[in-house]
Amino acid sequence: MTTSRLPRQLRRASSSLVVVAAATVALTGCGLQPATAFVPAVAPGSIRAIEGLPDDAAITVTAKNFTEQLILGKIAVLAAQAAGFEVTDMTNVPGSVAVRQLMLDGTADMTYEYTGTAWLTYLAEAEGIPDQQEQYEAVRDADADNGLTWLEPAPLNNTYAMAVRAEAVPELGDITSLSQIADLPVDQRTFCVEAEFNSRADGFAPMLAAYGLELGAADGVPTSNVSILDTGTVYTATDRGSCNFGEVFTTDGRIDSLDLDVLEDDRGFFPAYNAAPVLSTATLEEYPQLAEVYDEISPALTDTEMRRLNLAVDVEGEEPADVAFDWMVEQGFVTRP
């Protein structure tokens, strides 16, 4: 171990203890159990141990504490292990801001982050950029000054969308896109949305306006056509036909389990929230091979695949680490030892 490496590792160890303790207290206080840092052992697949990697090569991976992030975090941990690193697993951190701070202060080396979240929340920009590549490039360039390097994003774009139950599509003129809602009779323009989306400056009313419809207008979408529900209830209400169109997140596993069809945002209203590997620039300079490791994985992470993985955890009750491991094996990135 070099003398320049030692201080950074010591700082990380101290800071990690504080963050882990804080996360444990937060989880205990709300009655939740902290997730285990366990991941299955892996053997090389297309990801192999990096040649010439020092014996003390180590990185810390962090992730937020919701299903999709837990799965992505475990994928990141498994990939780094297969590449030959000693990995500290700091996934299941409560909240986006806490994960961001771990990356900024050098406690964590790698996370999967969403382009729209970084742009709107961390960088405090007023409006998102619907074009996925433009949004990525804007975040990548801005975060370079913060000591963070964004690798190429995955296709998965966890943004807002409107979905319709599949069996209702023929009754609604074989609808496939948001712009076609304006062609329907007013009484068929019924919506289920959550309270936050209904009140957001980039939410329901502006979305309707972007598609030529006015919320509250008799010839647009009357307020009587709108049901304000809890997030989970939106999915079931849409599936049961309480409304024709329900607000969803594009990578939610319930889309597939309830046989909902996501309408195309054909006018590009919703901001892009592509997930991308984000690494400490200092760590990437020390281990540039990490870029190749994570760039290999990203193209396989699509909306469809992420919905399938989220479904396995949220509906079928599997552990995020097991779901991540099975997927990595399926894709050939790693093998079973």
Engineer: Taking Thr115 for the side chain and Asn274 for the main chain, is one N or O donor matched with an acceptor at less than 3.5 Å?
Structural biologist: yes

Engineer: Could you tell me whether Glu296 atom CD has more than 12 heavy atoms of other residues or ligands within 6.0 Å of it?
Structural biologist: yes

Engineer: Take Asp252 and Tyr235 through the test side chain to side chain donor-acceptor pair (under 3.5 Å) and record every step on the way to the result.
Structural biologist: CA-CA 10 Å; Asp252 195 300; Tyr235 289 81; 3.2 Å; yes

Engineer: Heavy atoms, side chains only, cut-off 4.5 Å: are Thr117 and Lys64 in contact?
Structural biologist: yes

Engineer: Relative to the ring of Phe66, is the ring of Tyr114 parallel (under 30°), tilted (30 to 60°) or perpendicular (over 60°)?
Structural biologist: parallel

Engineer: Is it the case that more than 12 heavy atoms not belonging to Glu292 sit under 6.0 Å from its CD atom?
Structural biologist: no

Engineer: CZ/Phe269 to OH/Tyr160 distance, rounded to the nearest 0.5 angstrom?
Structural biologist: 10.5 Å

Engineer: Under 6.0 Å from the CG atom of Asp141, do we count more than 12 heavy atoms belonging to anything else shown?
Structural biologist: yes

Engineer: With a 3.5 Å distance limit and no angle check, can you tell me whether Tyr211 reaches the backbone of Arg267 through a side-chain donor-acceptor pair?
Structural biologist: yes

Engineer: Which disulfide (SG to SG under 2.5 Å) pairs, counting each pair once, include a residue from residues 301-337, with sequence neighbours left out?
Structural biologist: none

Engineer: Can you name the nearest heavy-atom pair linking Ser257 to Val315, along with the distance?
Structural biologist: OG-CG2, 4.3 Å

Engineer: Please report the closest heavy-atom contact between Ala275 and Leu72, naming both atoms and the distance.
Structural biologist: CB-CD1, 4.3 Å

Engineer: Looking at Thr62 and Val99, would you say the former's side chain and the latter's main chain have a donor-acceptor pair under 3.5 Å?
Structural biologist: no

Engineer: Please determine whether residues Trp150 and Ile297 belong to a single hydrophobic cluster, defined as Ile, Leu, Val, Met, Phe, Trp and Tyr linked transitively by side-chain heavy-atom distances below 4.5 Å.
Structural biologist: yes

Engineer: Quick check against the 3.5 Å criterion: does Arg140 have a side-chain atom that pairs as donor or acceptor with the backbone of Leu151?
Structural biologist: no

Engineer: Show the nearest heavy-atom pair for residues Pro271 and Thr159, with the distance to one decimal.
Structural biologist: O-OG1, 2.8 Å

Engineer: Decide yes or no on side chain to side chain donor-acceptor pair (under 3.5 Å) for Thr91 and Asp89, but give the supporting numbers first.
Structural biologist: CA-CA 6 Å; Thr91 56; Asp89 184 344; 2.6 Å; yes

Engineer: Is the closest basic N to carboxylate O distance between Asp183 and Arg189 below 4.0 Å?
Structural biologist: no

Engineer: I'd like to know if the side chain of Asn146 reaches the main chain of Leu148, judged simply by a donor and an acceptor atom lying under 3.5 Å from each other, with no hydrogens or angles considered.
Structural biologist: no

Engineer: Is there a donor-acceptor pair closer than 3.5 Å between any side-chain N or O of Glu247 and the backbone N or O of Glu194?
Structural biologist: yes

Engineer: Rounded to the nearest 0.5 Å, how far does CD of Glu113 lie from CD of Gln69?
Structural biologist: 6.5 Å

Engineer: Search all heavy atoms of Pro130 against all heavy atoms of Ala272 and return the closest pair with its distance.
Structural biologist: O-CB, 3.8 Å

Engineer: Between Cys192 and Ala237, what is the shortest heavy-atom contact and its length?
Structural biologist: SG-CB, 3.9 Å

Engineer: Say whether, by atom type as modelled, one donor and one acceptor occur between the side chain of Asp266 and the main chain of Ser177 under 3.5 angstrom.
Structural biologist: no

Engineer: Would you say CD of Glu316 has more than 12 non-hydrogen atoms from neighbouring residues, nucleotides or ligands within 6.0 angstrom?
Structural biologist: yes

Engineer: Look only at the side chain of Asp143 and the backbone of Val139, and say whether a donor-acceptor pair between them is shorter than 3.5 Å.
Structural biologist: no

Engineer: Do Arg336 and Asp326 make a side-chain contact, defined as non-hydrogen atoms from C-beta onward lying under 4.5 Å apart?
Structural biologist: yes

Engineer: Provide the closest heavy-atom pair for Tyr294 versus Ala80 in the form atom of the first, atom of the second, distance.
Structural biologist: OH-CB, 3.6 Å

Engineer: Please tell me if the side chains of Leu53 and Tyr287 come closer than 4.5 Å, counting only heavy atoms from C-beta onward.
Structural biologist: yes

Engineer: Are any of the side-chain heavy atoms of Tyr122 and Met103 separated by less than 4.5 Å?
Structural biologist: no

Engineer: How about Met162 and Phe204: do any of their side-chain heavy atoms sit closer than 4.5 Å?
Structural biologist: yes

Engineer: Are the side chain of Thr238 and the backbone N or O of Phe245 linked by a donor-acceptor pair below 3.5 Å?
Structural biologist: no

Engineer: Is there a continuous path of hydrophobic side-chain contacts, each under 4.5 Å between heavy atoms, that joins Tyr112 to Met328?
Structural biologist: yes

Engineer: Are Val262 and Val234 in one and the same hydrophobic cluster, where Ile, Leu, Val, Met, Phe, Trp and Tyr link if side-chain heavy atoms are under 4.5 Å apart?
Structural biologist: no

Engineer: Would you please indicate yes or no on a ring centroid separation below 6.0 angstrom for Phe249 and Tyr273?
Structural biologist: no

Engineer: Step through the shown structure and confirm whether more than 12 heavy atoms of other residues, nucleotides or ligands are within 6.0 Å of CD on Glu86.
Structural biologist: no

Engineer: Begin from the C-alpha positions of Thr149 and Thr281 and carry the test side chain to side chain donor-acceptor pair (under 3.5 Å) through to its verdict.
Structural biologist: CA-CA 5 Å; Thr149 298; Thr281 302; 2.8 Å; yes

Engineer: Please round to the nearest 0.5 Å and tell me the distance separating atom CG of Leu309 and atom CD of Glu330.
Structural biologist: 8.0 Å

Engineer: Has Asp259 got a side-chain atom pairing as donor or acceptor with Ala166's backbone, closer than 3.5 angstrom?
Structural biologist: no

